[in-house]
Every structure is written in structure tokens, then in C-alpha cells.
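Proteins come first, then strands; the chains are lettered A, B, ... in the order of their sequence lines, and each starts at number 1.
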Amino acid sequence: MVNEVAGERSLNFLEEIIEESIAKGEKRVHTRFPPEPNGYLHIGHAKSICLNFGLAKKYGGKCNLRFDDTNPVKEDVEYVDSIKEDVQWLGFNWAEEHYASDYFDQLYDWAVELIEKGLAYVDDQTQEEIRLTRGTVTVPGKESPWRNRGAEENKDLFRRMKEGEFADGDKVLRAKIDMAHPNMLMRDPIMYRIIHSEHHRTGDKWCIYPMYDYAHGESDSIEKITHSICTLEFDVHRPLYDWFIEKLGIYPSHQYEFARLNLTYTMMSKRRLLQLVQEGIVTGWDDPRMPTICALRRRGYTPESIRAFADKVGVAKRDNIIDYSLLEFCVREDLNRTALRRMAVLDPIKVVITNYPEGKTEIINAVNNPEDERAGTREVPFSREIYIDRDDFMEDPPKKYYRLSPGAEVRLRYAYLIKCEEVVKGADGDIKELRCTYDPESIGGGSSDGRKVKGVIHWVSAAHAAKAEMRLFDRLFTNEDTSDIAEDKTFKDYLNPDSLTVVTGFIEPSLLGAKEVEKFQFERVGYFCIDRDSTASKMVFNRTVTLKDSWAKMAAK
RNA sequence: UGACCCAUGGUGUAAUGGUAACACUGCAGAUUUUGGUUCUGUCAUUUUAGGUUCGAAUCCUAAUGGGUCAACCA
């Protein structure tokens with residue numbers, strides 16, 4: 001249709017579903033974010049979190065945080081804690097905190113009820129036999145010889161499973177549905193398996209644990225979730241989800257699926273991320289190159305930028321792969337508004353201003369953030385010897401190079417115009433220092449004779465600057481689409497060898513004593529934050545993202 | 001060679017039977033004491049074939065392409 005009112009966005013398909021359900025008389029909107037505590041949350045989860053909490057907020061409803069902790073061998077409180085921290089950091093508060101494990105008693109009772117209705121049975125077949133008799137996508141499965149046991153026998157066996165009479169794998173409880181069903185998940189799916197393992201919450205109370213399919217819909221139902229939103233691959237699970245709810249006659253939650261987030265040059269599966277951590281390819285779950293929430297936080301991403309990103313990627317049902325540049329756009333957009341401007345030199349060359357008095361120091365007031373007047377100014381010392389970045393000098397510059405070169409003049413940001421008079425080289429031919437002269441009348445922005453100078457470069461006073469470690473990050477993988485990295489590969493062939501570069505640079509003194517929460521723009525270089533490895537004697541900065549660099553693009557051509 | 005899901009610029013997302021648009025990216029220019037920001041302009045889109053209709057990105061059918069499912073994972 002034609003005109004949309006300005007500012008009014010069209011609805012995504014989930015919003016349409018919710019509005020339809022409201023139109024049909026549904027009074028509530030209650031969603032949930034249901035992670036399994038078996039790893040750290042990543043940017044893909046952020047999309048789901050923003051969606052679930054966002055939908056609840058938009059429609060005046062609630063969103064629960066529920067841990068899908070039905071498999072004790074994979075789960076740990078370490079993950080529970082990190083998940084809570086990440087959700088809160090993103091800016092969301094859950095209405096209720098739940099654990100699937102809190103429902104184990106209820107789930108057990110319901111399983112008994114299904115047994116009594118003749119809808120579930122204990123199967124003595126081995127894992128191998130069950131696999132073999134399931135059939136394939138084109139061949140129907142075969143019924144288990146134990147499929148038609150009586151309810152009493154099933155109940156007794158199931159109770160004994162619970163009481164620990166059998167070893168892992170000896171028996172399972174299966175739903176009695178249809179071994180010839182075209183949907184493999186409906187071929188007598190397993191509801192319970194025996195796992196003699198300590199659970200991070202229930203300890204050794206249980207040795208039988210419900211499967212995802214049996215636990216999830218019921219958990220939604222117990223919490224009276226109205227819209228159970230999950231990713232596309234669960235689409236085939238929906239008939240089973242509905243089957244349990246229908247047979248049990250409990251609150252009818254409904255499941256809806258959306259396409260998960262994929263990002264270029266990024267691997268998103270928890271299994272793969274765990275592998276990166278375990279093999280030491282990265283330093284941990286919060287290595288700033290990781291796509292995890294904690295890594296993005298450590299890297300300097302803000303919750304606002306991630307929420308903006310989640311909003312911009314949209315929600316639909318088709319597979320997608322989002323350009324990494326969109327994420328970068330979102331942080332830059334946020335940090336440009338808020339980050340304090342500072343000067344830092346990553347790859348220094350010394351510059352001596354020969355006509356500037358020795359021993360003199362001037363204090364220059366520099367604006368903290370041109371986008372925000374309230375940010376005020378800070379004091380920056382200037383003296384005879386300074387450092388500039390190696391990028392900002394070329395002995396033999398190409399056309400349109402506005403920076404420093406022999407005989408050329410450039411503006412030192414906030415300070416004077418300087419002209420390069422001499423290049424001093426070491427025995428190896430390396431540039432040791434630049435000897436320049438300055439125009440004493442050029443401080444406010446003008447010049448002694450009104451001449452205009454195009455180039456502006458950043459600098460730090462050598463006598464006042466502090467050394468600092470700078471960690472520069474790049475993509476972890478070389479492939480734009482990492483899904484085509486074959487499953488059986490170690491994926492080491494696809495790692496970017498230059499994903500981390502560590503340099504020692506110089507920072508302006510106002511950065512000393514800065515707090516870890518503060519975000520900075522090193523002018524003309526990029527956005528940086530203070531890493532948690534930083535100490536008073538040795539500061540460590542992470543580069544969140546570079547500034548857009550149209551010169552680098554031009555130079556590359 | 002099954003069932004199900006999906007198909008709009010390079011990447012995403014809208015348009016809900018009536019002029020295919022917005023964002024990112026790319027490109028060009030203006031402004032600029034950040035080659036940043038901002039601003040302006042610009043390249044580029046309905047998988048194919050039938051059908052329904054005055055009219056189809058939209059509805060129907062088929063084909064094609066992509067995805068998911070054969071863990072006692074979630």
C-alpha cells in the first residue's frame with residue numbers, strides 16, 4: 001500500500017501474529033528467552049533476546065528468562081551466571097526466572113499420565129537398535145517389540161528407571177505416536193533417558209532427564225507463555241510440541257519460528273565457539289574477537305549499539321547472512337555521539353620542531369566531543385618534541401596526500417601548522433625523526449599570512465605522553481560465509497592469521513587514570529576502550545572498530 | 001530421492017491485489033582544524049513458467065534454487 005505515516009514502521013511477521021491473536025481476544029503477551037546454560041551467549045542470542053523482550057515490552061506483556069537445563073552433562077552454573085549478566089547488560093529485565101529443572105516433578109507426573117493413557121512406553125532397545133528402527137526420511141520406521149507393554153508394566157519400569165535401578169542407556173521412555181510418520185520427530189520420540197550424572201541444580205535427585213521436546217512445550221505451558229518464539233530449525237518440532245500439549249490437555253502455548261542471525265566472517269554455533277576456546281585459538285569466551293556478548297562488551301561495543309543492530313537486521317523466515325559492516329555501522333553511530341575524543345599514536349615517528357623553544361610547554365584546551373558540547377574540554381600539553389603516526393608521513397607522497405611530506409605543511413590538530421624541513425634516517429634507512437618548523441601564529445586555526453592547509457594530523461607531546469598497549473582486532477575467519485566450511489574440517493585453514501595485532505603506542509596524558517567504562521575515539525584512528533588487563537603502570541586499550549577511512553580506500557586503488 | 005520451511009538490489013528488511021521503498025555497502029560531490037561526523041546526489045531489486053484478475057512482488061499450480069529433519073543434544 002502507499003503511504004506509511006512518517007515514523008511508523010511496518011510490522012514484522014511476529015508482530016502481525018501477536019496483533020492477530022490480540023484481535024481474537026488474547027489478553028496477554030508473554031514471551032520467554034530459553035537458553036541452555038551450556039555456553040556463553042552470542043550476538044545471535046542478542047537478536048532473540050531483543051525480539052522476545054522487545055515484543056513483550058511493545059505489547060505491555062512480560063518476558064521470562066528460562067534455563068533449558070535438561071541435560072546435566074553439558075550444563076554448568078558458570079553459564080547460568082554469564083547468561084544472566086549478559087541479558088542484564090543488554091538492558092533487559094526478566095519478569096520471572098525459571099529453570100526447566102524446577103518442573104522435573106511435574107514433568108514426571110505428566111509422563112506417568114501419558115503412560116496411563118497408553119501414549120507412552122518404556123523401550124528396552126539399545127540406542128543402536130532405536131536408531132536402526134527409526135527408518136530414514138524415505139523409509140518408515142519399525143515398531144519396537146516393547147511398544148505394546150501394558151500401562152502397569154510401563155509405570156513400574158518408569159518408576160524403577162527413576163529410582164536408579166538401571167544403567168545409562170538401558171531403557172528410555174518413548175511417546176507412542178507413529179513409526180511411519182513422514183516427520184521423523186513423530187516416530188515415537190524419546191521423552192526420558194537415564195543419565196547418572198550430577199545436575200547443577202537438582203544434584204543427584206534425578207537420574208532420568210526429560211528430552212528437549214518433552215520439556216519445552218510443557219515448560220512454556222506451565223509459565224502460560226502465549227508466544228513461544230524460536231529459530232527456524234525447530235519448525236519440524238512444532239507438531240510434537242503441539243502433540244504433548246494436546247494429549248495432556250494443558251495450557252496451549254504456541255510456537256513460532258524466525259530465521260536465526262548469521263554474520264559474515266563469523267561462526268555462530270556454540271559447539272564451534274567452545275572449540276575455539278578449548279583449543280586455545282582465542283584466549284577465552286570473552287576474547288574480543290569472539291561473537292559472544294561478553295567479548296563484544298570487552299571489545300567496547302555498547303548495549304545500545306547491539307540493540308540498534310538487532311533492530312536493523314529485522315525479523316523474517318528466510319535464511320540470511322548479515323554484513324558485518326552493519327554491526328560496525330551501529331557501534332560507530334553510537335560511539336560517535338558519546339565517545340570522548342583523545343589523541344594517541346599507534347606507530348610513532350618523532351618530530352622535532354626546531355624553532356620551538358626548548359623546555360617550553362603549552363597547555364592547549366581541546367574539545368572532548370564535537371557532537372556533544374556538554375562533554376567539555378580537556379588540557380593537552382604541547383612541546384618541542386612530539387610523536388606523530390607513521391601513516392601521516394610519506395617521503396614520496398602520491399597525489400592528494402594531504403599529510404606530512406618533505407617541504408609540505410600540515411596542521412597539528414588543536415595546535416600549530418608545521419612544515420617538514422628534514423628527514424633524519426638511521427643506518428638501515430629507517431626514518432628516525434622528522435625535523436620541522438612551526439608557524440607561531442597558527443595556533444587558533446589561522447596562519448601568519450592567511451594561507452590554507454588542508455591536512456590535519458594527530459600527535460602527542462613526547463615528554464608528556466605515556467606508553468600504552470593497543471590491541472587491534474580483525475575478523476577471526478577469512479570466509480565471508482562460514483557455513484560452507486565443511487563440518488569435518490578443523491577450520492584452522494580458515495582462520496585469519498592477522499586477527500590480533502598488538503602494538504605499543506603513545507597516549508595523551510589525560511587518558512591516564514581513565515575508567516574502564518569510558519569509551520574513546522582516538523582521533524583519526526578509531527574507537528577504543530580500556531581492557532580489563534589494563535593497570536595503572538601499563539594501560540591496555542582495545543580497538544573496538546576503526547573510523548571509516550576513505551583515504552585508505554583511495555590509496556588502495 | 002520423503003515431509004516441512006523459504007525465495008524482492010551486493011547484504012538485509014518493507015510494500016498485505018493498485019506508482020517496488022528504506023537501511024547498510026559501493027560510487028560521486030559539498031562542508032569540515034578528525035580523509036571522522038553531517039549533507040546532497042547516484043548505481044543496483046521482484047527465481048522461472050503457466051494460471052486467476054481490468055490490474056500480481058503479493059493469490060493458485062508447477063518447476064528451479066536454498067534450508068531443516070534420520071542425537072538417549074538443545
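- Relative to the six-membered ring of A:Tyr438, A:Lys419 misses at least one condition, a distance below 6.0 Å or an angle of at most 45° to the axis.
- With hydrogens and angles ignored, a donor-acceptor pair closer than 3.5 Å exists between the side chain of A:Arg341 and the base of B:rU34.
- Of all non-hydrogen atoms in A:Gly135 and A:Met184, the two that sit nearest each other are O-CE, 3.7 Å.
- Among the atoms of the strands shown, none is found under 4.0 Å from any heavy atom of A:Ser269.
- With a 6.0 Å cutoff to the six-membered ring centre and a 45° limit on the axis angle, A:Arg342 does not count as a cation-pi contact of A:Phe522.
- At a threshold of 4.0 angstrom between heavy atoms, the contacts of A:Leu232 with the nucleic acid are absent.
- Side chain A:Glu480 to base B:rG10: no donor-acceptor pair is found below 3.5 Å.
- The same atom, C1', is picked in B:rU11 and in B:rU25; the two are 7 Å apart, to the nearest Å.
- When heavy atoms are screened at a 4.0 angstrom cut-off, A:Phe234 is found touching base atoms of the nucleic acid.
- Within 4.0 Å (heavy atoms only), A:Glu333 reaches no atom of the nucleic acid at all.
- The OH-P distance, from A:Tyr402 to B:rG36, rounds to 10 Å in whole Å.
- Residue A:Ile190 is in base contact, counting any heavy-atom pair closer than 4.0 Å across all strands shown.
- For the P atoms, the distance from B:rA74 to B:rG66 is 31 Å, rounded to whole Å.
- No engagement by A:Arg187 is indicated, since no non-hydrogen atom pair under 4.0 Å with the nucleic acid exists.
- Residue whose closest nucleotide on RNA chain B sits further toward the 5' end, between A:Gln127 and A:Gly445: A:Gly445.
- For A:Arg403 and B:rG35, a side-chain-to-base donor-acceptor distance below 3.5 Å is present, hydrogens and geometry of angles not being considered.
- Counting to the nearest Å, the C1' atom of B:rG65 and the CG atom of A:Asp319 are 12 Å from each other.
- In this structure B:rA49 sits in the anti conformation; its chi angle is more than 90° from 0.
- Between the side chains of A:Glu218 and A:Tyr241, no donor-acceptor pair of N or O atoms lies under 3.5 Å.
- In terms of position on RNA chain B, the residue among A:Thr70 and A:Ile321 whose nearest nucleotide sits closer to the 5' end is A:Ile321.
- The separation of B:rU47 from B:rG9, taken at their C1' atoms, amounts to 14 Å, rounded to a whole angstrom.
- Note on A:Ser550: only backbone sugar-phosphate atoms sit closer than 4.0 angstrom, heavy atoms only; bases stay farther off.
- In this structure, A:Phe234 has its ring center under 6.0 Å from that of A:Tyr212.
- Applying the 4.0 Å criterion to OP1 and OP2 of B:rU38, one finds that A:Arg337 has every side-chain N and O outside that range.
- Under 4.0 angstrom from either OP1 or OP2 of B:rA3 there lies no side-chain N or O belonging to A:Arg238.
- OP1 or OP2 of B:rG26 sits under 4.0 Å from a side-chain N or O of A:Lys553.
- Contacts of A:His237 with the nucleic acid, taken as non-hydrogen atoms under 4.0 Å apart, include base atoms.
- Between A:Trp551 and A:Tyr402, the distance from one ring center to the other does not fall under 6.0 angstrom.
- Residue A:Arg134 is classed as a sugar-phosphate contact, given heavy-atom separations below 4.0 Å to backbone atoms only.
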